[in-house]
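See below for the structure under consideration.
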Protein chains: 2
Amino acid sequence: MKYRKALNQWLDRLLMRSELSTRERDAVLALPCDLVEVSANRDFVRLGDHTTHACLVTDGLVGRFAQTADGERQITALHVPGDMVDLHSVVSPAATSALQAIGRTTIVRVPHMALKRTADELPELGRAFWRDCVVDAAILATWVINVGHRPAAARVAHLICELAVRYAAIGLANGQSFPFLLTQSQLGETTGMTSVHVNRMIAQLRERRLLAWRSRMIEIVDWPGLRTLAGFDPLYLSLPEDLLRRIYALFGTSRRMTAA
Amino acid sequence: MKYRKALNQWLDRLLMRSELSTRERDAVLALPCDLVEVSANRDFVRLGDHTTHACLVTDGLVGRFAQTADGERQITALHVPGDMVDLHSVVSPAATSALQAIGRTTIVRVPHMALKRTADELPELGRAFWRDCVVDAAILATWVINVGHRPAAARVAHLICELAVRYAAIGLANGQSFPFLLTQSQLGETTGMTSVHVNRMIAQLRERRLLAWRSRMIEIVDWPGLRTLAGFDPLYLSLPEDLLRRIYALFGTSRRMTAA
DNA sequence: CGACTGATTGAGCGATTTCAAGGGTTGTGG
DNA sequence: CCACAACCCTTGAAATCGCTCAATCAGTCG
C-alpha cells in the first residue's frame, strides 16, 4: 500500500493498547487509503456531515470543534500524528462535531467499509478499534474534570502535561521539548478561558520556571513541579508502564541549571 | 433468563441507535446476568478495579466520579435506567473512574466473556455495543462544552434539558415531570460549580418560570424557554427523529397556566 | 422530639472576563 | 531583501461572575 508510513503510525498506536497477532497487524497495514493535505484552519469535516472514511493524522494537529448557540467555540479533542481522529465514525457516520486542521496537516483517509470488513474477519482487531474509542472517551472525561474543577493555572498546565506525554509517546519529543502548535486563544478555547487569562497563566508558569515556550515548541523545565501543579496522573492515557517510565525519565532527568 | 426486564430495557436502548435482527435481539435477551442492589452513595466500582462484568442500571441513578489531586470530586457521567454504565469495560477492564449509586439503585451485571462471545458471533451486534460507547463519548464531549463555555445558569439548564430528554426517551417522564435524583451539591459536582451557586441559578430558573422542582421531580414549565437559555440541541444524544418529536410534543404542549 | 441532611439567603472577597491599547513576529508580495 | 499587513502576544484597569464563609430554615428519618 502507498501510505504505509501512516498506517504504521496507527499500528504503533494500536499496539500501545492492544496485543495484535501478525495476521491482525498485516491486516491493518493492508488497509486501503488515500492522502489529503489540509491547509491551516480549514474544516475538513463539518457538523452533520455523513462521512464514509475515517481520518488518520500523519503530520500536523487536528482539533475537534464544537459550538454553543451563541457562537462560542470549544475544542473538545486534539489529535496528534498516529491518531485516528474519528474512528467512531465507522459506527456512527453522522459527525456530531467539526474537525479542523490546526496548522498545515496531512491526513490519510481509510474507508469505513474496509475497516468494517477487517473488523468482522478479525474480531480481536475490531475490539482494538473499539478500545481506541474508549481511550478517547477517557481523555474526554479527564477534560471534563479539568475544565470543571481545576483553577486556571492548573488547567493550562494539565493540558500541557497531557500533550507532552502524548508527543513523547509517539517519539516526537526532542529531549524535554515538544511541538506546541496551538495559539494562546486556541489554548483558551480548549481550557475554557479567555486568551488574555491564558496568557497570564502561561506567564506564571514561566516565572515559576516550570516551562519555556518559544517558536511553537514547549520545553519542560521542571516536570515534577508542572505535574504537581496540574495534578496530572497519566493513567487515563492507557500507555504501557515501561513507555511511561521512559517518558518520565526523559522529562525528569537533567533538570536545567539555568538561573541561579 | 431471570432478569429479562432489565435486558429488555437495554435492548430498547440499543434499538434506539442500531437496527438489530431477530437473532441479534434474542442474543441480547439470552445474556447471562445477575442482580445487585446498591444502597445510596455507595461505590460499586472503584478507581483501578479490574472488572469482569459490565453493569446495567435497571432502577435508580448511577454517577461516574473522578477526583482531582486535591480531593475535589467531579461527576463525569450520569446513567439512567437502561444504560449499560461501563460497557467500555469489555475492552478496557481497568476502571479509570469510580461508579457510585445516587440513591438506592438496582444493577444487573453481565459477564464480559458473554458479551465478547456474543459480539464475535454477531458482528453487527458487536458494532451496536461499540456504537453505544461512541454515543456516551458524544455526551461527554457536550459536557466539556457545557462546563467550559457556558455561563452558570445555562450550564444547569443544559444538564436539566439533557436529563429531561433522556428520561422521556425511556418512558419515565410523567407529563412534563421527570425524576431528578441529584442533590444540589451533586448538581454542582457535575456542572463544576458550588452548591450555593447552583442554588441561586435554580432560583433564577424558577423565577423565570422555566421549571419547578420539588420532592425529587423536576417539572418543565417552559420548554422552549429552557432550551433557549441552555442552548440545548439534542443531536448528540443520537435519538431517532420521531422519538425526539414525541418528546418535544410532550414537553412543549399545554404550557402551564399557573400564576397570573 | 431531636439529629441529620439538604435548601436557602446574605455579605464580602477573589478569580476571571472585558475592554482597550501597544509591541512583536511571521509571512507575503513587491 | 525590505515593507507591510495580519496575526499573535502582552499588559493595564475596571467590571462581573462565581466562590467562601456563615447562618438559618425545611424536610426526613429514627
Side-chain angles (χ1 to χ4, degrees), chain A residues 39-42 61 63 68 70-75 100-104 146-157 160 179-207 211-218 229, chain B residues 39-42 61 63 68 70-75 100-104 146-160 179-207 211-218 229:
Chain A
S39 49
N41 304 319
R42 272 208 63 234
L61 183 65
T68 61
D70 53 324
E72 289 259 38
R73 289 160 66 89
Q74 166 96 33
I75 299 180
Q100 185 181 100
I102 304 204
R104 185 168 194 71
N146 204 30
V147 172
H149 267 291
R150 257 189 263 268
R155 239 184 286 181
V156 172
I160 289 170
F180 198 86
L181 275 11
L182 294 174
T183 65
Q184 291 188 0
S185 349
Q186 287 168 331
L187 186 45
E189 281 169 2
T190 105
T191 51
M193 40 200 284
T194 325
S195 68
V196 173
H197 205 56
V198 166
N199 183 273
R200 291 195 236 266
M201 294 305 106
I202 293 279
Q204 262 187 39
L205 299 180
R206 275 201 271 244
E207 271 164 33
L211 57 78
W213 179 4
R214 56 187 177 290
S215 64
R216 306 184 162 250
M217 294 287 277
I218 284 185
L229 175 70
Chain B
S39 49
N41 303 319
R42 272 207 62 234
L61 183 66
T68 62
D70 54 323
E72 289 259 38
R73 288 159 67 89
Q74 165 96 34
I75 299 182
Q100 185 181 99
I102 305 207
R104 186 170 193 70
N146 205 29
V147 172
H149 267 292
R150 258 189 264 264
R155 241 184 284 182
V156 172
H158 196 278
L159 184 70
I160 289 171
F180 197 86
L181 276 10
L182 294 174
T183 65
Q184 291 189 0
S185 348
Q186 288 168 330
L187 186 44
E189 281 169 2
T190 106
T191 50
M193 38 199 287
T194 326
S195 67
V196 174
H197 206 56
V198 167
N199 184 275
R200 290 196 236 267
M201 293 305 106
I202 294 278
Q204 261 187 38
L205 299 181
R206 277 201 269 244
E207 271 164 32
L211 56 78
W213 179 4
R214 55 185 178 290
S215 63
R216 308 188 160 247
M217 293 288 276
I218 284 185
L229 176 69

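What you see is a predicted model, and the numbers here were worked out from it, not measured in a lab. When reading the values below, keep in mind they use all heavy atoms of this one structure, side chains included, and skip hydrogens, waters and symmetry mates. Residue numbering restarts at 1 for every chain, and letters A, B, ... go by the order of the sequence lines.
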Going from [atom1] on [X] to [atom2] on [Y], what distance comes out if it is rounded to the nearest 0.5 angstrom?
X	Y	atom1	atom2	result
A:Phe180	A:Arg216	CZ	CZ	11.0 Å
A:Ile202	A:Leu187	CD1	CG	5.5 Å
A:Leu211	A:Ile160	CG	CD1	5.0 Å

Interatomic distance where [atom1] belongs to [X] and [atom2] belongs to [N] [whole Å]:
X	N	atom1	atom2	value
A:Leu181	D:dC8	CG	C1'	15 Å
A:Phe180	D:dC8	CZ	C1'	14 Å
B:Gln184	C:dG6	CD	C1'	8 Å
A:Glu207	D:dT11	CD	C1'	12 Å
A:Arg216	D:dC7	CZ	P	13 Å
A:Arg214	D:dT10	CZ	C1'	18 Å
B:Leu182	C:dT5	CG	P	18 Å
A:His149	D:dC19	NE2	C1'	13 Å

TODO: Name every residue in residues 187-204 of chain B that has at least one heavy atom under 4.0 Å from any atom of DNA chain C, in order of residue number, or write none if there are no such residues.
DONE: B:Val196, B:Asn199, B:Arg200
Within the side chain of [X], is there an N or O that forms a donor-acceptor pair under 3.5 Å with the backbone of [Y]?
X	Y	value
B:Gln74	B:Glu189	yes
B:Gln100	B:Arg42	no
A:Arg206	A:Trp213	yes

Open item on the list: Once you apply a heavy-atom cut-off of 4.0 Å, does A:Arg206 come out as touching a base, just sugar-phosphate, or nothing?
Closed with: sugar-phosphate
- [ ] Using a 4.5 Å cut-off on heavy atoms from C-beta on, say whether the side chain of B:His197 contacts that of B:Arg155.
- [x]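 With C-beta onward as the side chain, the pair stays apart.
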TODO: State which residue, out of B:Val198, B:Asn41, B:Leu181, fulfils the side chain to side chain contact (heavy atoms under 4.5 Å, CB included) condition with B:Gln186.
DONE: B:Asn41
Task: Stem list, DNA chain D (Watson-Crick or G-U pairing under 3.5 Å, at least 3 consecutive pairs) - done: C:1-21 with D:10-30, C:24-30 with D:1-7
Open item on the list: Quick check on DNA chain C: between A:Ser215 and A:Arg150, whose nearest nucleotide comes earlier from the 5' end?
Closed with: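 Taking each residue's closest nucleotide, the earlier one in sequence belongs to A:Arg150.
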TODO: Output, in order, the C-alpha distance, side-chain angles, deciding distance and verdict of side-chain contact (heavy atoms from CB on, under 4.5 Å) for B:Val156 and B:Met193.
DONE: CA-CA 10 Å; B:Val156 172; B:Met193 38 199 287; 4.0 Å; yes
